[in-house]
Amino acid sequence: MEKEQKFIALYGELNSPEDFLTVPFEILEYRRELNITASEFTFICEIFHLTSKDFNLIKDKDITGNKIRFCRQRASLKSKEYLKIKLIKNYKKGGIIYDFRELKKIIDKLKKSKLKKSKKETETKIKVETKNDINQKYEEDAFIKKYNGLLLKLLGVDFSNYQKAQNGIKKYLLATFINRKNTLSKSLKIAEQSFLKLPPEKRNYLKLQDCMINALLNGNEIKDEKLEKETEAKDKKSIPNGIDNLNKLLKVIEKKGDINETYKTITNTA
C-alpha cells in the first residue's frame, strides 16, 4: 500500500497536497531532547505550514490562535536559539522571515551523538558477548577434559583423541553442564562414587554419563533399584520370619530333632 493510500485509509481523501501539514519529522522525534513544549511545536507547525503555502513573509495575522500566546512561543524559541527572525517593514510589503536553520544544526548534532552512543553500546555488547562466549568455551573444554580423565580412570578407555566419541559426549553432557546446580569438582566426585556403587557388569560409559548428569543437576548418587531389591530379598532370606519361625524351632527342640536343618529350611538357606 502506497503512503497516500495509507493516509486515505487513516483520515480520508484530501483535495490537494496543500492540505497536508508539512513539517520535518525529526523535530517531532527530538522534541523531548530539545525541550520543545507542545505549544512551541504547534507554533513551529504553523510556520512550516504557511511556508509550504508560499508565504515568504509571514504576518502575525496569518498565524492562527491567540496572538499573545504565539508571541510568547516565538520569544521562547528564540531564547533557546532554535529560531532567528528578520522583520521586514515597508509600505508595500511587511512581515517576518522565520529561520529554523540553527534548530536543524542542533538536531544534526543530536543525531550524531545518538548514533555514536548506539555504536558504542553495540560494540560493548559484542565485546561482552564475545567474552562470555570465550569463558563458556573455556569452561566447557575444561569439563570435557576432566570427564575424559574420569573415563580413563574408571573404565580404562581414552576417548580424548576419538572425535566421534567426543562429539557424542558433548552432545549428551554439555547442555546439563551449562545448567548445572553443583560445582564441577563436586559433581565429578559424586559421579565417581555413584558409578563405583554399581555392580561391575553394569559399569559402562553410558552409565557413567548418567551418573555425571545426575551429579551435575542433583548431587545425589544414582541408586540401582534392581540391585536394592535383590539385596533386600537376600536380607529377608537370611533372617527368620518372626514368631512363626521361632515356634517351628521350639517344636524341633522339644522333639530333639536337627535344629540346623530346620533353621536352613525356614530361612531358605538350605
Side-chain angles (χ1 to χ4, degrees), residues 110-241 263-270:
L110 283 174
K111 282 183 177 179
K112 287 180 182 178
S113 177
K114 190 175 182 180
L115 184 63
K116 189 176 180 180
K117 184 181 178 182
S118 177
K119 186 178 179 181
K120 188 176 181 180
E121 287 175 351
T122 303
E123 289 174 351
T124 302
K125 185 179 178 182
I126 291 171
K127 284 180 182 178
V128 170
E129 289 176 350
T130 303
K131 187 177 179 180
N132 290 340
D133 289 343
I134 291 171
N135 289 340
Q136 183 174 315
K137 183 69 168 57
Y138 176 80
E139 289 179 357
E140 290 174 359
D141 289 345
F143 164 63
I144 296 299
K145 185 176 180 180
K146 289 186 178 182
Y147 182 77
N148 283 330
L150 189 62
L151 262 173
L152 183 60
K153 177 182 177 182
L154 297 177
L155 293 172
V157 292
D158 185 3
F159 283 157
S160 59
N161 295 319
Y162 184 26
Q163 192 59 48
K164 188 175 180 180
Q166 291 300 291
N167 292 339
I169 290 170
K170 290 176 181 179
K171 182 180 179 181
Y172 199 78
L173 294 179
L174 281 184
T176 307
F177 172 72
I178 292 168
N179 298 303
R180 65 190 180 280
K181 295 180 180 178
N182 293 312
T183 61
L184 176 55
S185 57
K186 181 181 178 181
S187 298
L188 287 166
K189 186 177 180 181
I190 292 172
E192 181 177 352
Q193 290 172 347
S194 297
F195 186 77
L196 291 174
K197 286 189 177 182
L198 296 172
E201 66 273 11
K202 291 189 175 182
R203 296 178 191 174
N204 55 55
Y205 72 95
L206 291 176
K207 272 292 183 183
L208 183 56
Q209 286 181 346
D210 292 336
C211 291
M212 190 73 247
I213 286 176
N214 189 72
L216 286 166
L217 292 180
N218 305 315
N220 299 320
E221 295 177 5
I222 289 180
K223 294 181 180 179
D224 192 314
E225 293 181 2
K226 187 177 179 182
L227 179 63
E228 285 186 346
K229 288 180 181 178
E230 289 174 355
T231 304
E232 186 180 349
K234 188 177 180 182
D235 290 341
K236 285 181 179 178
K237 286 180 181 179
S238 62
I239 300 173
N241 189 15
Y263 182 82
K264 289 179 180 179
T265 302
I266 64 178
T267 58
N268 296 318
T269 57

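Computation of the quantities below employed the complete heavy-atom set of this structure, encompassing side-chain atoms and omitting hydrogens, waters and symmetry-equivalent molecules. Not measured: the values here are computed from a predicted model.
Distance check: S160 OG to L151 CG gives 10.0 Å after rounding to the nearest 0.5 Å. Annotation: the span from Q209 atom CD to T176 atom OG1 amounts to 10.0 Å, rounded to 0.5 Å. One finds the CG atom of L184 at 7.5 Å from the CG atom of L216 (value rounded to the nearest 0.5 Å). Once rounded to the nearest 0.5 Å, the distance linking CG of N148 with CD of Q166 reads 4.0 Å. Here CG of N214 is found 8.5 Å from CD1 of I190. Values are rounded to the nearest 0.5 Å.
Residues M212 and L188 form a side-chain contact, since some pair of their non-hydrogen atoms from C-beta on lies under 4.5 Å apart.
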Would you tabulate the side-chain donor-acceptor contacts of residues 116-124 under 3.5 Å, counting partners in other chains and residues two or more places apart, or write 'none'?
residue	atom	partner	partner atom	Å
T122	OG1	S118	O	2.8
T124	OG1	K120	O	2.8

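With sequence neighbours excluded, no residue forms a side-chain hydrogen bond (donor to acceptor under 3.5 Å, both in side chains) with T183. Not counting sequence neighbours, K181 has no partner by the side chain to side chain contact (heavy atoms under 4.5 Å, CB included) test. With sequence neighbours left out, the side chain to side chain contact (heavy atoms under 4.5 Å, CB included) criterion links S113 to no other residue. A search for side-chain hydrogen bond (donor to acceptor under 3.5 Å, both in side chains) contacts involving E201 returns nothing, not counting sequence neighbours. Judged as a side chain to side chain contact (heavy atoms under 4.5 Å, CB included), and not counting sequence neighbours, L115 has no contacts. Annotation: side-chain hydrogen bond (donor to acceptor under 3.5 Å, both in side chains) contacts of N204 (sequence neighbours excluded): none. Shown here are the salt bridge (charged side-chain N to carboxylate O under 4.0 Å, His left out) partners of D141, two or more places apart in sequence or in another chain: K137. Residues satisfying the salt bridge (charged side-chain N to carboxylate O under 4.0 Å, His left out) test with K111, not counting sequence neighbours, are E26. For I134, the side chain to side chain contact (heavy atoms under 4.5 Å, CB included) partners two or more places apart in sequence, or in a different chain, are T130. Remark: N135 engages no residue in a side-chain hydrogen bond (donor to acceptor under 3.5 Å, both in side chains) (not counting sequence neighbours).
Closest approach of E192 to K153, counting heavy atoms only: OE2-NZ, 2.8 Å. Listed here is the closest heavy atom pair of N179 and L217: O-CD2, 3.8 Å. Taking every heavy atom of both residues into account, A215 and A191 meet most closely at CB-N, 3.8 Å. In terms of heavy-atom proximity, F195 sits nearest to L155 at CZ-CD2, 3.6 Å. In terms of heavy-atom proximity, R203 sits nearest to L196 at NH2-O, 2.7 Å. Nearest heavy-atom pair across S187 and N182 is OG-CB, 3.4 Å.
Partner of N167 under the side chain to side chain donor-acceptor pair (under 3.5 Å) criterion, out of K171, K164, Q163: Q163 alone.
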Inset, instruction - Go through the steps for E140 and I178 under the test side-chain contact (heavy atoms from CB on, under 4.5 Å), then give the verdict. - result: CA-CA 8 Å; E140 290 174 359; I178 292 168; 3.4 Å; yes
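For residues 137-179, the pairs satisfying ring-ring contact (aromatic ring centres under 6.0 Å, His included) are F143-F177, with sequence neighbours left out.
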